[in-house]
Amino acid sequence: MARVFNFSPGPSVLPESVLKKAASEMLDYQGSGQSVMEMSHRSKVYDGIIQGCESLLREVMGIPSNYKVLFLQGGASSQFAMVPLNLMTGSGKADYAVTGQFANKAYQEASRYGQVKVVASSKDKQFSYIPKLDPAQFTPDADYFHICMNNTIYGTFYHNLPDTGKVPLVADVSSCILSQPIDVSRFGLLYAGAQKNMGPAGLTVVIVREDLIGHAMESTPTMFNYKTHADNNSMYNTPPTYGIYICKLVLEWIRDEIGGLANMQARNEKKAKILYDFLDQSGLFQGTAAKEDRSIMNVPFVTGSQEMDQKFIAAAQAAGFVNLKGHRSVGGMRASIYNAMPVEGVEKLVEMMAKFEKENV
Ligand SMILES: *Cc1c(COP(=O)(O)O)cnc(C)c1O
């Protein structure tokens, strides 16, 4: 069996030990005689899986007890609507920082439900940086302030969180959740599609402060109301059962094999440094994100020539480094080096890039 080095932005690489464990339990989950996919979500055996997943997530992320963890579907994109439907019901106002395509989609969706202000944008330079935020621009009575913490397409990350005072900070953390420790108490709400760092596509995780639940707009669909899911422990309807099971295995891997989020961060920083150090000295490849805002999860880079970019992507693919093509909106290359990408994968990629450079300049 030959596994490739998979730099996909999502769905993305999973830890090999997780895949092996899932394979070994595929036909008979712990003596139940069933696959996790086949069992009732209301069975005692499944209850152990979903509760285990939630308590592991609370332990690994240090989620305070006044926050609910919700296991939903619909992707991060559904949260673009759920957040305003549930939270924009005080003053009916919200602030958004537009740092990329997903942040912009979130802003546009929220605009359908209330008075939404763009307090900062980095559109002027292709979203290649995190704009400085001026608190004088913030709406003092906003119901929340929304950021996209890691901009998957552009490879930028908020190394410093905005100080929004009493206004709850809401963050899309789809592509950085579990990559490093995060102080959950600084946020009103966090949401993430699971398919980058948590498990397979189909599961969306929401972490929300309890006092923000229960104020949804009257017209909010039942399934889009956080209260529905909070009151029913994510069991109002059938949750994405298999995705939650894989997420639990991923959390066990982080806790037991990696040793927690501080170690995860050290490993991720080591990987990112190998790649950025190479890019910074290369005569062929250049990183496109502002240095001070660089992400340790997504690393976009270019050669400056579309033809050379294509030649590189093809050569990489042939050598077993797949999904390095940049987002269709920006072109170039992007190496997504999520938690499950081994250090060896980045070392080998850089070796391959150096060899390509020698042969092509
Ligand atoms: C992938 C991604 C999304 C979209 O997630 P879906 O689950 O496909 O809706 C949104 N925001 C960020 C930051 C992402 O990386």
Side-chain angles (χ1 to χ4, degrees), residues 6-14 70-85 96-110 121-123 126-131 144-159 161-162 169-180 182 187 189-208 223-224 229 234 239-240 242-244 246-247 250 268 272 289 293-300 323-330 334-341:
N6 180 5
F7 295 90
S8 169
S12 40
V13 58
L14 283 164
L70 309 177
F71 296 115
L72 309 179
Q73 306 193 47
S77 302
S78 291
Q79 295 309 309
F80 299 165
M82 274 179 91
V83 166
L85 283 168
Y96 277 69
V98 175
T99 52
Q101 229 179 76
F102 292 122
N104 191 51
K105 281 183 176 170
Y107 156 69
Q108 285 181 334
E109 191 72 3
S121 167
S122 49
K123 192 162 188 250
Q126 273 237 51
F127 299 120
S128 59
Y129 68 106
I130 299 290
Y144 63 91
F145 189 111
H146 182 280
I147 61 168
C148 179
M149 195 162 173
N150 186 74
N151 295 281
T152 321
I153 298 172
Y154 311 92
T156 62
F157 177 78
Y158 281 84
H159 292 284
L161 291 173
L169 183 60
V170 172
D172 178 351
V173 290
S174 295
S175 51
C176 59
I177 191 166
L178 301 177
S179 65
Q180 59 181 69
I182 183 170
F187 299 86
L189 186 148
L190 294 164
Y191 64 88
Q195 68 272 24
K196 278 95 189 214
N197 253 346
M198 306 186 96
L203 166 66
T204 308
V205 174
V206 173
I207 300 164
V208 53
M223 278 294 289
F224 266 36
H229 302 287
S234 303
Y242 199 76
I244 292 166
I246 298 290
C247 182
V250 168
N268 286 331
D293 300 321
R294 280 172 167 175
S295 164
I296 57 171
M297 293 281 97
N298 309 96
V299 182
N323 292 316
L324 279 165
K325 201 166 174 322
H327 189 268
R328 59 189 185 278
S329 66
V330 295
R334 170 179 46 170
S336 293
I337 49 175
Y338 295 120
N339 283 353
M341 171 58 62

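Computed over heavy atoms, backbone and side chain alike; hydrogens, waters and symmetry mates excluded. We count ligands from 1, going down the list as the structure has it; atoms in each ligand are counted the same way.
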Please determine whether any non-hydrogen atom of [X] lies less than 4.0 Å from an atom of ligand 1.
X: Cys148; result: yes
X: Thr204; result: no
X: Gln195; result: yes

query = Picking from Val170, Leu189, Leu169, what satisfies side-chain contact (heavy atoms from CB on, under 4.5 Å) with Tyr144?
reply =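 Answer to the side-chain contact (heavy atoms from CB on, under 4.5 Å) test with Tyr144 among Val170, Leu189, Leu169: Val170.
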
request  = Can you measure from NZ (Lys105) to CD (Gln79) and round to the nearest 0.5 angstrom?
outcome  = 15.0 Å

key: CE on Met198 to OG on Ser174, rounded to 0.5 Å   = 9.5 Å

Closest non-hydrogen protein atom to [atom], residue and atom name please, with distance?
atom: atom 9 (O) of ligand 1; answer: Ser77 OG, 2.6 Å
atom: atom 1 (C) of ligand 1; answer: Lys196 NZ, 1.3 Å
atom: atom 5 (O) of ligand 1; answer: Ala76 CB, 3.5 Å
atom: atom 15 (O) of ligand 1; answer: Thr152 OG1, 2.5 Å
atom: atom 11 (N) of ligand 1; answer: Asp172 OD2, 2.6 Å
atom: atom 3 (C) of ligand 1; answer: Phe102 CE2, 3.5 Å

Answer yes or no: is there a side-chain heavy-atom contact under 4.5 Å between [X] and [Y]?
X: Ser8; Y: Val13; value: no
X: Asn298; Y: Asn150; value: yes
X: Phe157; Y: Arg294; value: no

task = Using a strict 4.0 Å cut-off to heavy atoms of Gly75, name the atoms of ligand 1 that fall inside it.
result =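 Answer for ligand 1: 7 (O), 9 (O).
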
ask   = Just heavy atoms, cut-off under 4.0 Å: does Asn150 contact ligand 1 by side chain, backbone, both, or neither?
value = backbone

query = For the residue pair Ser121 and Lys123, what are the closest heavy atoms and their distance?
reply =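 Scanning both residues completely, I find the closest heavy atoms to be OG-N, 3.0 Å.
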
ask   = Cation-pi between Lys196 and Phe102: NZ/CZ under 6.0 Å from ring centre and within 45° of the ring axis?
value =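 Because its charged atom sits under 6.0 Å from the ring centre and within 45° of the axis, Lys196 does stack over Phe102.
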
